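Data first, discussion second: the structure below is written as structure tokens.
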Amino acid sequence: MAKKLSIAETLRRTSDQLKRIRKHVANGGHVDQMQEVDALVGLAKEVADRQLAGVESLADENDGSVQDDDDAKD
């Protein structure tokens, strides 16, 4: 059974695949449809990148020193 990917790795791979899709459409001679592809696939890539940034930001925060709830109240 394959190892389950983290959400960060899944988002990274998704973003990379969306980038490749845009490139294949542009290189495939479908320039006339590139605007539609950019609008849809580009938006999906942007959302994946934003979610990845949020996940990585949370991971960075959790890697720092974390106080107990009792300590944080002081």
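The shown structure was predicted, so the numbers you read here are calculated from the model rather than taken from an experiment. These values consider heavy atoms only, across backbone and side chains, with no hydrogens, waters or symmetry-generated copies.
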Just verifying a value: how many Å separate [X] [atom1] and [Y] [atom2], rounded to the nearest 0.5 Å?
{"X": "Gln51", "Y": "Ser15", "atom1": "CD", "atom2": "OG", "answer": "11.0 Å"}
{"X": "Asp16", "Y": "Asp49", "atom1": "CG", "atom2": "CG", "answer": "8.5 Å"}
{"X": "Leu40", "Y": "Leu18", "atom1": "CG", "atom2": "CG", "answer": "11.0 Å"}

Within 6.0 Å of CD in Glu36, more than 12 heavy atoms from elsewhere: no
Taking only residues two or more places apart in sequence, or in another chain, which ones meet Arg13 in a side-chain hydrogen bond (donor to acceptor under 3.5 Å, both in side chains)? Glu9
For Val55 versus Ala8, what's the shortest heavy-atom pair and its separation? CG1-CB, 4.0 Å
Heavy-atom closest contact (Leu11 atom, Leu52 atom, distance): CD1-N, 3.6 Å
